[in-house]
Asks: 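Structure below; questions to follow.
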Amino acid sequence: MVDRIDYVYLKLLKYTDLRTIDYKNMDKIKLFAACILVPLLFSDCSPKKSTETGPVKKDRNMFGHHIPRGLTINTEGLSPGYVMFSVPNSASTYLINRKGEVVHKWKGNYGAFNPYLMDDGSIVQGVDDVDYPVFGFGGPYGRIQKVTWESKMLWDFEYADEEQIVHHDFAVLPNGNILAIAYETWSYEDAVAYGRKPELIPKTGPWLEKIIEIEPQGQRGGKIVWEWHVSDHLVQDYDESKANFGNPTELSELIDFNLGEPIPPAITPDSLEILKALGMAERNQTPYNKGSDIFHFNAINYNENLDQIVISSPYLNEIFIIDHSTSTKEAANHRGGRSGKGGDFLYRWGNPENYHQGDSLNRQLFGQHDVRWVKKGMPGAGNLTVFNNHAPSDIDWSTFGNLGNNYSMVLEIETPVDENGNYDRNKDQAFEPEKPSWFHMAADTLSFYSSFISGAHRMNNGNTFINEGARGRFLEVSPKGTIVWEYLVPYRGNIHKPNGDPISPMFMTFSTFRSTFVPADHPALLGKDLEPLDPQPLEFVMPPSPE
């Protein structure tokens, strides 16, 4: 083991800016090398690895300030198609061609960020409700809308009150219903009654996760036809007097309710107001609700063939799969549905330490985003792709991870699932696979990095389309790591705060939650005018770089 750590230590020196090394602390660097061991040594056991080719960069400007933007790489022989993304700080969503030219614009009425393209040319998107209460951070938005190709509002559904709010991501089902992630408030007393340790509970109580299935009705209505609550699938070994007391190792189909960090240090109301004035604290944030967002689901995807749902929790550094074939009653229990396991977890991957089947060296996910199944008919169909944000360790969030030795990877995971949707597992071991079947990273580790948001999905030609979210950088990479197309968002909108104050463009100037490659033969594009807009939208001009 020591020899392997030394080997990774040498690799680390090779791909690290030597100006950042403290030569007086080589033992610490070797310890860091031990933490980096698992992701860097994927290449020892897997022939399928992708490392970006081209000049080695030393750019650690994660937010892409003061660098060239727009189209930067456009090789010959690309698959015909377009790229869709919501413009940061804007109510508009753009469709660009391979030359980086805007060919279409959908326009809404609130800030948009995660559009999905429908076959009729409309988009379904999450938008930022301007007056939602209580929830002040953790990705809440409160509204889901459907907007036609011509930007007519077809559906505007609000799910935001003092007890619950949709947040982060959703998935559109084949029948048009929406699967959405939502927070639901719990009291301090409720959390104690379920066996969560008091030092892990903020005064105002935690926000727990649920998934709701919404059947759109009319222009503004929505009926909840199915729901799943994480609170029905918790275990704890802290207080044996509680009904959900058990062994998390033996009950890995449940989440240990005492996972997570202690609540952040207290802050005075005056200090919080100063942070808000500086744009460093979110609306509705109080001195008493810091740490409420304990599991932070940030992605959801649906598999029609298996009738299963995959979700991502970057706070737990795991992805989870549940059965959607249950009734709501069965989803609240441990029996029922096609799997026979009710709403319990069928599969989990990324951090086996959470259920005591490994330690920190077995952890493979680090603040991940955007887990998706590879669609039927594509190379790797049935596998999962995930954007692994800040390998190989946790980061210092005080700088949004803009400094340090973390880097990003895109992973492809071949799950041990059979044709009936059952996942094979030895109860005495962590969920397989031991390693991803493919991964992508930059050769220098520095030039491909986003410590938050971001995503990736497989394309028909076998390449992978990636959104490096913090920088607003989109790239298409081949299985061997060649970047065949690259574009950096040059646009930013001018949405203001509800009180009329402008929103500072720094530091998340071009940050993009999601971007999507749209093949030229997508049904939504048939018969549509896709000539470049004339004039093209105005590009955002960055404020001068400080001396």
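These values consider heavy atoms only, across backbone and side chains, with no hydrogens, waters or symmetry-generated copies.
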Asks: Between Pro532 and Asn97, which heavy-atom pair has the shortest distance, and what is it?
Replies: CG-ND2, 4.1 Å
Asks: Parallel, tilted or perpendicular: which fits the ring planes of Phe345 and Phe320, with parallel below 30° and perpendicular above 60°?
Replies: tilted
Asks: Do Asn244 and Gln236 meet the criterion of a side-chain donor-acceptor pair at a distance under 3.5 Å?
Replies: yes
Asks: Please check: side-chain N/O of Tyr159 versus main-chain N/O of Ile144, any donor-acceptor pairing under 3.5 Å?
Replies: no
Asks: Does Trp349 reach the side chain of Pro416, with side-chain heavy atoms less than 4.5 Å apart?
Replies: no
Asks: Looking only at non-hydrogen atoms, find the nearest pair between Ala180 and Ile214 and report the distance.
Replies: CB-CD1, 4.3 Å
Asks: Please check: side-chain N/O of Gln308 versus main-chain N/O of Gly421, any donor-acceptor pairing under 3.5 Å?
Replies: yes
Asks: Determine whether a donor-acceptor pair (N or O, by modelled atom type, separation under 3.5 Å) exists between the side chain of Asn303 and the backbone of Leu306.
Replies: yes
Asks: Does Arg283 make a cation-pi contact with Tyr132 (under 6.0 Å, within 45 degrees of the axis)?
Replies: yes
Asks: Please report the closest heavy-atom contact between Val371 and Asn301, naming both atoms and the distance.
Replies: O-CB, 3.5 Å
Asks: Given the side-chain rings of Trp149 and Trp106, with only the six-membered ring counted for Trp, is the space between their centroids under 6.0 Å?
Replies: yes
Asks: When you measure from the side chain of His229 to the backbone N and O of Leu208, does any donor-acceptor pair fall under 3.5 Å?
Replies: no
Asks: Hey, are Arg473 and Glu486 close enough for a salt bridge, meaning a charged N less than 4.0 Å from a carboxylate O?
Replies: yes
Asks: Can you find a heavy atom in the side chain of Ile255 that is under 4.5 Å from one in the side chain of His233?
Replies: no
Asks: Once rounded to the nearest 0.5 Å, what's the spacing between atom NZ of Lys152 and atom OG of Ser122?
Replies: 12.5 Å
Asks: Does a donor on one side chain sit under 3.5 Å from an acceptor on the other, for Glu412 and His440?
Replies: no
Asks: Assert yes or no for the condition that the ring centre distance of His324 to Tyr302 is strictly below 6.0 Å.
Replies: yes
Asks: Suppose we call two aromatic rings close when their centres sit under 6.0 Å apart. Are Phe85 and Phe474 close by that rule?
Replies: yes
Asks: What about Phe157 and Trp155, are their ring centers closer than 6.0 Å?
Replies: yes
Asks: Under the criterion side-chain contact (heavy atoms from CB on, under 4.5 Å), I'd like the reasoning laid out for Tyr423 against Thr415: C-alpha separation, chi angles, the key distance, then a yes or no.
Replies: CA-CA 8 Å; Tyr423 294 84; Thr415 63; 3.8 Å; yes
Asks: Taking it one step at a time, do Asn383 and Glu414 satisfy side-chain hydrogen bond (donor to acceptor under 3.5 Å, both in side chains)?
Replies: CA-CA 5 Å; Asn383 293 347; Glu414 186 175 354; 4.8 Å; no
Asks: Would you check, one step at a time, whether the test side-chain contact (heavy atoms from CB on, under 4.5 Å) holds for Asn351 with Phe366?
Replies: CA-CA 9 Å; Asn351 191 9; Phe366 300 85; over 6 Å; no
Asks: Using modelled atom types and a 3.5 Å cut-off, is there a donor and acceptor pairing between side-chain atoms of Ser408 and backbone atoms of Asn389?
Replies: yes
Asks: Below 6.0 angstrom between ring centroids: does that apply to Tyr110 and Tyr141?
Replies: no
Asks: Tell me if the NZ atom of Lys223 is crowded by more than 12 foreign heavy atoms within 6.0 Å.
Replies: no
Asks: Within a strict 4.5 Å, meaning less than it, do heavy atoms of the Leu179 and Trp228 side chains meet?
Replies: no
Asks: Donor-acceptor pair, Asn354 side chain versus Leu316 backbone, under 3.5 Å?
Replies: yes
Asks: Return the CZ to CG distance between Arg338 and Asn422, rounded to the nearest 0.5 Å.
Replies: 9.5 Å
Asks: Is the shortest heavy-atom distance from the side chain of Ser79 to the side chain of Asn460 under 4.5 Å?
Replies: no
Asks: Do Thr204 and Ser292 come within less than 4.5 Å of each other through their side chains, counting heavy atoms only?
Replies: yes
Asks: Quick one: pull up OH in Tyr183 and CD1 in Ile165 and give me the separation to the nearest 0.5 Å.
Replies: 9.5 Å
Asks: Check for a donor-acceptor pair, side chain of Tyr347 on one end and backbone N or O of Glu432 on the other, with a separation under 3.5 Å.
Replies: yes
Asks: Should the heavy atoms of other residues, nucleotides or ligands under 6.0 Å from CD of Glu227 be counted, would the total exceed 12?
Replies: yes
Asks: How many angstroms lie between atom CD of Glu184 and atom CG of Asp161, to the nearest 0.5 angstrom?
Replies: 11.0 Å
Asks: Is any side-chain N of the basic residue among Arg98 and Glu476 closer than 4.0 Å to the acidic one's carboxylate O?
Replies: yes
Asks: Could you check Asn388 against Gln364 for side-chain contact (heavy atoms from CB on, under 4.5 Å), going step by step and ending with a plain yes or no?
Replies: CA-CA 8 Å; Asn388 202 16; Gln364 303 191 62; 5.8 Å; no
Asks: Just do the ring pair (Phe, Tyr, Trp, His ring centres under 6.0 Å) check on Phe448 and Phe387 with the steps written out, would you?
Replies: CA-CA 11 Å; Phe448 176 51; Phe387 192 101; 5.6 Å; yes
Asks: For Ile178, which of Val124, Leu173, Val166 qualifies under side-chain contact (heavy atoms from CB on, under 4.5 Å)?
Replies: Val124
Asks: Would a distance-only check, ignoring hydrogens and angles, find a side-chain to backbone donor-acceptor pair under 3.5 Å from Ser90 to Pro88?
Replies: no
Asks: Measuring centre to centre across the rings, with the benzene-like ring taken for any Trp, is Tyr487 within less than 6.0 Å of Phe510?
Replies: no
Asks: Quick one: does NZ or CZ of Arg196 land under 6.0 Å from the six-membered ring centre of Phe257, within 45 degrees of the ring axis?
Replies: yes
Asks: Keeping the roles fixed (side chain from Glu209, backbone from Phe297), state whether a donor-acceptor pair exists under 3.5 Å.
Replies: yes
Asks: Would you say NZ of Lys528 has more than 12 non-hydrogen atoms from neighbouring residues, nucleotides or ligands within 6.0 angstrom?
Replies: yes
Asks: More than 12 heavy atoms of other residues, nucleotides or ligands under 6.0 Å from CD of Glu261: is that the case?
Replies: no
Asks: Looking at Asp323 and Lys341, does any basic side-chain N land under 4.0 Å from a carboxylate oxygen?
Replies: no
Asks: Are Asn258 and Leu200 packed together at the side-chain level, in the sense that at least one heavy-atom pair is separated by less than 4.5 angstrom?
Replies: yes
Asks: How long is the gap from CE on Met84 to OG1 on Thr93, to the nearest 0.5 Å?
Replies: 7.0 Å
Asks: Look at the aromatic rings of His296 and His167 and report parallel, tilted or perpendicular, splitting at 30° and 60°.
Replies: tilted
Asks: Classify the side-chain pair His168/Asn298 by whether it contains a donor and acceptor separated by less than 3.5 Å.
Replies: no
Asks: Is Arg363 salt-bridged to Asp394, cutoff N-O under 4.0 Å?
Replies: yes
Asks: Hydrogens and angles aside, do Glu215 and Asn177 bring a side-chain donor and acceptor to less than 3.5 Å of each other?
Replies: no
Asks: CD/Gln368 to CG/Asn317 distance, rounded to the nearest 0.5 angstrom?
Replies: 6.0 Å
Asks: Evaluate side-chain contact (heavy atoms from CB on, under 4.5 Å) for Thr512 paired with Tyr491, printing each intermediate quantity in order.
Replies: CA-CA 11 Å; Thr512 306; Tyr491 304 111; over 6 Å; no
Asks: Would you find a donor on one side and an acceptor on the other, under 3.5 Å apart, between the side chain of Arg471 and the backbone of Leu488?
Replies: no
Asks: Is Asn463 close to Val484 at the side-chain level, that is, under 4.5 Å between some pair of heavy atoms?
Replies: yes
Asks: Do Leu525 and Leu95 touch side chain to side chain, with heavy atoms closer than 4.5 Å?
Replies: yes
Asks: State whether the number of non-hydrogen atoms from other residues, nucleotides or ligands found under 6.0 Å of Glu163 atom CD is greater than 12.
Replies: no
